[in-house]
Participant: 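Dropping a structure here in structure tokens format, bear with me for questions.
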Amino acid sequence: MHPNYDTVIMTITEQILDYASMQGQPFLRRNLMQHLGRNDVSKASARVLLNRLVEQGKLVKSGYGSYSFPEKGKQPFVYKPSEEERSIAEQIKRKFPFADFCVWKPSALVPYMRHIPALGMVFVDVERVAMESVFNFLQGHASPMSILLNPTAQECERYITTDKLLIVRVLVNEAPITSVNDTPVPTLEKILVDAAGDRELNFAQGAELYTIFENAFSMNNVNLSRLLRYATRRHRKDSILKIINTINHDTSR
């Protein structure tokens, strides 16, 4: 008689969490795999379940190939799309079922900011090959808001105000996105890296950016490897590392 599949999954998950608890500090994936291998757990199953625990916020990546429990007091970041965002996403999915995209509002940065701006923007970040088609579709069908397509710095300065505005932008390949209530949304790591240089997010830059990063790292679990991987794709790794090193130095005084 074969054991129930869900029971097997739970057993492996419990083994991973038990191993993490026994270490009492960050542990290496390769050492976990060796431990599980002695219990006849396949590496493929272990990797899937380890990644699932990270996505659920039960473990965090503390470095390359390194994991630990989340720090006490920190919460996993979960983007909660509004009804408006869910409606936009649903229309895009119906019209462009194979396009990679996410929908989000820059107001997601507000909890981390010192100076609170009035924001009326909604972003649709979509893969470049579909960007113009999605823009044309949204212009004609999906939204009563004014819409901009991948605006230049001058257009951002001229048109981005407190009024409601839908901005269709390029989604960088392998950008970290997830799904909430069947709505594709960004992870915290994408939001932070975008804030560090996107022209539409100029309000979040300068000294304010250090405040955003410091508060985000103190309030939420930030997946550092995911953050730096995306920062590398955006050619912002060095500037992101500078911010992280600065806030770590300041908080260690």
Side-chain angles (χ1 to χ4, degrees), residues 2-79 100 102 171-180 184-194 196 213-214 216-249 251-252:
H2 293 290
N4 178 274
Y5 176 77
D6 290 338
T7 302
V8 172
I9 293 296
M10 181 60 69
T11 301
I12 299 172
T13 299
E14 289 173 349
Q15 288 185 56
I16 294 173
L17 292 175
D18 285 346
Y19 179 84
S21 181
M22 286 188 297
Q23 303 311 301
Q25 59 186 356
F27 62 90
L28 296 177
R29 180 175 57 200
R30 66 171 180 267
N31 293 339
L32 169 68
M33 295 301 177
Q34 290 174 357
H35 171 77
L36 295 175
R38 290 194 288 269
N39 297 333
D40 296 323
V41 176
S42 73
K43 288 185 178 181
S45 296
R47 286 196 190 95
V48 169
L49 294 174
L50 183 61
N51 289 336
R52 186 178 299 173
L53 288 168
V54 171
E55 292 299 325
Q56 292 172 346
K58 295 179 180 178
L59 293 175
V60 295
K61 295 192 73 171
S62 52
Y64 180 75
S66 177
Y67 299 80
S68 64
F69 283 114
E71 292 184 38
K72 291 182 179 179
K74 293 187 179 183
Q75 298 296 320
F77 174 85
V78 179
Y79 187 94
D100 290 331
C102 69
L171 179 70
V172 174
N173 289 339
E174 298 181 27
I177 62 176
T178 186
S179 180
V180 176
V185 296
T187 64
L188 178 58
E189 294 77 17
K190 172 173 164 42
I191 293 172
L192 291 175
V193 173
D194 286 0
F213 269 74
E214 183 174 353
F217 272 76
S218 65
M219 294 165 59
N220 297 114
N221 298 311
V222 179
N223 186 319
L224 188 59
S225 61
R226 180 191 293 162
L227 180 84
L228 295 178
R229 188 163 57 247
Y230 180 55
T232 299
R233 300 195 68 81
R234 300 298 311 273
H235 306 290
R236 295 176 186 173
K237 183 177 180 180
D238 290 344
S239 60
I240 296 292
L241 284 173
K242 178 182 176 183
I243 294 170
I244 293 172
N245 290 333
T246 299
I247 63 176
N248 284 342
H249 175 73
T251 55
S252 64

Participant: Are any non-hydrogen side-chain atoms of Val185 and Thr178 less than 4.5 angstrom apart?
Facilitator: yes
Participant: Ring-plane angle category for Phe213 and Phe217, please: parallel below 30°, perpendicular beyond 60°, tilted otherwise.
Facilitator: parallel
Participant: By salt bridge (Lys or Arg N to Asp or Glu O under 4.0 Å), which residues pair with Arg236, not counting sequence neighbours?
Facilitator: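 Arg236 satisfies salt bridge (Lys or Arg N to Asp or Glu O under 4.0 Å) with Asp198 once adjacent residues are dropped.
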Participant: So how far is it from Lys237 NZ to Thr232 OG1, rounded to the nearest 0.5 Å?
Facilitator: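 Between atom NZ of Lys237 and atom OG1 of Thr232 there are 4.5 Å.
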Participant: Do the non-hydrogen side-chain atoms of Leu224 and Lys61 ever get within less than 4.5 Å of each other?
Facilitator: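 A side-chain contact is absent here, since even the closest heavy-atom pair is not under 4.5 Å.
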Participant: For Asp194 and Lys190, which heavy atoms make the closest approach, and how far apart are they?
Facilitator: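 Asp194 and Lys190 have their closest heavy atoms at OD2-NZ, 2.7 Å.
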Participant: Between Pro26 and Ser66, which heavy-atom pair has the shortest distance, and what is it?
Facilitator: CB-OG, 3.6 Å
Participant: Identify the two heavy atoms, one from Ala231 and one from Ile240, that lie closest to each other, and give their separation to 0.1 Å.
Facilitator: CB-CG1, 3.8 Å
Participant: State, to 0.1 Å, how close Ala20 and Leu59 come at their nearest heavy-atom pair, and which atoms those are.
Facilitator: CB-CD2, 4.1 Å
Participant: Just by modelled atom types, is the Lys242 backbone N or O under 3.5 Å from a matching donor or acceptor in the Thr246 side chain?
Facilitator: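 Yes, Thr246 side chain to Lys242 backbone: donor-acceptor pair under 3.5 Å.
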Participant: Which atoms form the tightest heavy-atom contact between Ala46 and Val41, and what is the distance?
Facilitator: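 Scanning both residues completely, I find the closest heavy atoms to be CB-CG1, 4.3 Å.
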Participant: Please enumerate all residues that pass side-chain hydrogen bond (donor to acceptor under 3.5 Å, both in side chains) together with Ser42, with sequence neighbours excluded.
Facilitator: Ser45
Participant: When rounded to the nearest 0.5 angstrom, what distance separates CE in Met219 from CG in Leu188?
Facilitator: 9.5 Å
Participant: Quick check for you: to the nearest 0.5 Å, what is the distance between Ile191 atom CD1 and Leu227 atom CG?
Facilitator: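 That separation rounds to 11.5 Å.
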Participant: Starting at CD of Glu189, measure out to OG of Ser225 and round the result to the nearest 0.5 Å.
Facilitator: 8.5 Å
Participant: To the nearest 0.5 Å, what is the distance between CD1 (Ile12) and CG (Leu53)?
Facilitator: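 So the gap between those two atoms works out to 11.0 Å.
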Participant: Donor-acceptor pairs are to be reported for all side-chain atoms of residues 28-35 against protein atoms at under 3.5 Å, with residues two or more places apart or in another chain.
Facilitator:
none

Participant: Are Thr187 and Tyr230 close enough that some pair of their side-chain heavy atoms sits under 4.5 Å apart?
Facilitator: no
Participant: Can you see which heavy atom on Arg233 is nearest to which on Asn173, and at what distance?
Facilitator: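 Closest heavy-atom pair between Arg233 and Asn173: NE-O, 2.6 Å.
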